[in-house]
2 protein chains.
Amino acid sequence: MELTERKKRILRAIVESYIATAEPVGSKAVAQLAGLDVSSATIRNEMADLTEMGLLEQPHTSAGRIPSATGYRLYVNELMGEHQLSMQETQRINDALEMKIEELDRVIDRAGKVLSKISDYPVFSMTEVKDIVTVRRYDLLMVEENAFIAVVMTDTSVVKNKIIRIPDGLSDPQLQMLSTILNSSFTGLSREQMAQALDKVADHSTPGAFRLISMVVEFAIEVLGELRRQTVHTAGITQLLEHPEYKSLDKAKPLMRFLSDDETAQLPIPFDGSQNMNILIGPENVNEAFRDTSVVMASYDIGDNMRGVIGVVGPTRMDYAKVTARLSYFADSLTRMFGKGELPAPVDKDDFET
Amino acid sequence: MELTERKKRILRAIVESYIATAEPVGSKAVAQLAGLDVSSATIRNEMADLTEMGLLEQPHTSAGRIPSATGYRLYVNELMGEHQLSMQETQRINDALEMKIEELDRVIDRAGKVLSKISDYPVFSMTEVKDIVTVRRYDLLMVEENAFIAVVMTDTSVVKNKIIRIPDGLSDPQLQMLSTILNSSFTGLSREQMAQALDKVADHSTPGAFRLISMVVEFAIEVLGELRRQTVHTAGITQLLEHPEYKSLDKAKPLMRFLSDDETAQLPIPFDGSQNMNILIGPENVNEAFRDTSVVMASYDIGDNMRGVIGVVGPTRMDYAKVTARLSYFADSLTRMFGKGELPAPVDKDDFET
DNA sequence: TTTAGCACTCGGGGAAACGGAGTGCTAAAC
DNA sequence: GTTTAGCACTCCGTTTCCCCGAGTGCTAAA
């Protein structure tokens, strides 16, 4: 059967009405909404066709129609209009992202919160490292009689520090020497290589020096591990409850459990990297808990070496037009903000203007 | 009327049964649970007395009794036994708190998650600065042709860094000079004083140098502001839904909204600092959303200058014995971990053993 | 091909009926 | 005086039943 222009208009009207109201849409309502000058009976015939084609579904015989997963898919691929962001919204996004001291992790966390607020749905986000991260340099700063700060900077320009206590104190030349050893023998290495290098150094250095070196190196290894680990953040899980499909707790709970369990440092939602934006509708999700749930995600770049994915979770009756518009703007902003190779990750744009 | 020993045992049996089952407790059940060798009729008489005394309530005429807020209060103050933590549990807490690179903020965030997991209730936590925090020292590290890292250390031993870009490059002596100015003129000052000091320095330094100084100082001001700000974290909000009193969404939603709104950087739950542990039962809470909800909180020290409060939120039918036991162990661990003045906040205990 | 008309379906919601747990009271027993 | 058995009563939660109405699919006419 052919999908005529009229059928498309009807489908679109149904999808949009259902998105707005969460109520099955009857033929009479469609007759008005679609702006077609035909009677409800005609619409009924068309709707029967659309149902036959698998684009619509009937909760029960005497109810209106709701879109099926394929119906949504068609809507998303072909019928959905471009949603414009209002000035206010772009402003709000920009304000929120213009953060100060914040580090990578916290920027992402915050970004999720903002996106969740403006989209009315829960949001998850995660980062992954494309390539191997290594330490670019070490700095050691004496701060007290018996403590120094180890500053580690990775080749992705992430900087972390840690205070290290030393009961015995340390002279400037000693510190200098440590620094030299660290910078010459423990840069540009993978985590595994670092561990090996540590063994080598153990042989020709004093026990005391070795102890300090290994403390710094272990810290560096942790930093690298921390970066590599795929971390998942979620925000606004509660928003699920605002949508009628989750008013029955049975529906909401599995999903909420799933989302709030960010211990499982990996969210089993595959992202197809060949496209910037992924939309998974209902049963297209692999995961069982997402059978009636859609996920819209976008990726953004964090420098050259890392990538982030940020996604919105909601009922299949999600306002795809609105969500995709916000999400893509958001992902673009993040990419721009992380400066794609020009700027180290956790630095904000103010730094350009010095 | 006098509160005889028997009445106490009955009250305790009722509270504990209700905590366990969330079902009103009938006289027959009490007869068994309380281990008193009397008939249900006797218990009924006693229960009528307890109801008259305001310690029990009857949801409706033909239902069993449930504890009233004052009933819980009495239970908490007098009847509740000490709950022992199992080895496993202490182990779990210890493992979870033994964190590596993590900073203050993240430690607290994580602590909340762990506590929420082991207590089965949502948890909130916040920190506050007792006194004024100032910068103790600055370090500047050249990392590239055109960028340096500013490392700021506060007198509470929190260390933060930021990469600062400079289009023109900078010689070593220049950097040295900047560092000297910063360390001599911008340490030990409050945020307001720093802003003023900046004005003064503006007069007798070159525009270029001033630009850089002000960037570092502004960063420092942000750091101080960040620390002072009362930040609230919440964890495990979803756990609310696991408890039957929140199975109706009407009950759960206001509370969840309240808890998840950590934009309101201040949780309006007063903490009485004169005691280490605070328990607020149902109507004892000021906030309307907490009418049927109890809050158990404990404070812990973060160094000398900061204090944290971590609290558990649940239905009035909360397992107070279990929660208080875990919470106090937890708060103690945190205090110990933050080393009360000996150790800078975001450093873990490994550092002792060098 | 569209439309009016109509019988039919089926879910949601309200009213009514039921069952049972638990109470309070009374009167007897200890 | 206190405890206990017995019993009538209350009232909630559940189930059952029935009705209403929205919406459909079909038929026949325009």
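The chains referred to below are lettered A, B, ... by the order of the sequence lines, with proteins before strands, and numbering in each begins at 1. Only a predicted model underlies this, so the values are computations on that prediction, with no experimental measurement involved.
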Please, what dot-bracket string fits DNA chain D when only Watson-Crick and G-U pairs with both distances under 3.5 Å count, crossing ones use [ ] and pairs to another strand use |? ||||||||||||||||||||||||||||||
Would A:Met1 and A:Asp49 satisfy side chain to side chain contact (heavy atoms under 4.5 Å, CB included), going step by step from the backbone distance to the final call? CA-CA 8 Å; A:Met1 195 178 306; A:Asp49 291 350; 3.5 Å; yes
Let's go through A:Val309 and A:Ser125 carefully: what are the C-alpha distance in whole Å and the side-chain angles of both, what is the deciding distance for side chain to side chain contact (heavy atoms under 4.5 Å, CB included) to 0.1 Å, and is it a yes or a no? CA-CA 6 Å; A:Val309 173; A:Ser125 54; over 6 Å; no
Could you give me the CA-CA distance, side-chain angles and deciding distance for A:Ile93 and A:Leu85, then say whether side chain to side chain contact (heavy atoms under 4.5 Å, CB included) is met? CA-CA 10 Å; A:Ile93 294 175; A:Leu85 270 68; 4.0 Å; yes
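The side-chain heavy atoms of B:Val296 and B:Met277, taken from C-beta on, include a pair separated by under 4.5 Å. The shortest side-chain heavy-atom distance between B:Leu55 and B:Leu3 falls under the 4.5 Å cut-off.
Side chains of B:Gln239 and B:Ser116: a donor-acceptor N/O pair is present below 3.5 angstrom, by distance only. For the residue pair A:Thr293 / A:Tyr246, a side-chain donor-acceptor distance below 3.5 Å is found, with atom types taken as modelled.
Under the ring-ring contact (aromatic ring centres under 6.0 Å, His included) criterion, B:Tyr320 pairs with B:Tyr72, not counting sequence neighbours. Residues forming a ring-ring contact (aromatic ring centres under 6.0 Å, His included) with B:Tyr18 (at least two apart in sequence, or on another chain): none.
Atom CD1 in A:Ile43 sits roughly 14 Å away from atom C1' in C:dT1 (whole-Å rounding). Rounding to whole angstrom units, CD of residue A:Glu46 and C1' of D:dG23 are separated by 18 Å. In this structure, A:Ile66 atom CD1 and D:dT24 atom C1' are separated by 16 Å, rounded to whole Å.
Summarising the geometry, atom CD1 belonging to B:Ile237 is positioned 11.0 Å from atom CZ belonging to B:Phe258; distances are rounded to the nearest 0.5 Å. A:Leu327 CG to A:Met297 CE: the interatomic distance, rounded to the nearest 0.5 Å, is 10.0 Å.
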Can you check nucleotides 25-30 of chain D for protein contacts, nitrogen or oxygen pairs under 3.5 Å, and list what you find?
residue: D:dG25; atom: OP1; partner: A:Arg65; partner atom: NH2; Å: 3.0
residue: D:dG25; atom: N7; partner: A:Arg44; partner atom: NE; Å: 3.2
residue: D:dG25; atom: O6; partner: A:Arg44; partner atom: NH2; Å: 3.4

Table of protein N/O atoms under 3.5 Å from nucleotides 12-21 of chain C N/O atoms:
none

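Close to D:dT3, at under 4.0 Å from its OP1 or OP2, lies a side-chain N or O of B:Arg6.
A salt bridge links A:Glu242 with B:Arg257: at least one charged nitrogen is closer than 4.0 Å to a carboxylate oxygen. Salt bridge annotation for A:Glu89-A:Arg326: present, with a cationic side-chain nitrogen under 4.0 angstrom from a carboxylate oxygen.
Among the atoms of the strands shown, none is found under 4.0 Å from any heavy atom of B:Ser40.
Within residues 10-22 of chain A, no residue places a heavy atom under 4.0 Å from DNA chain D.
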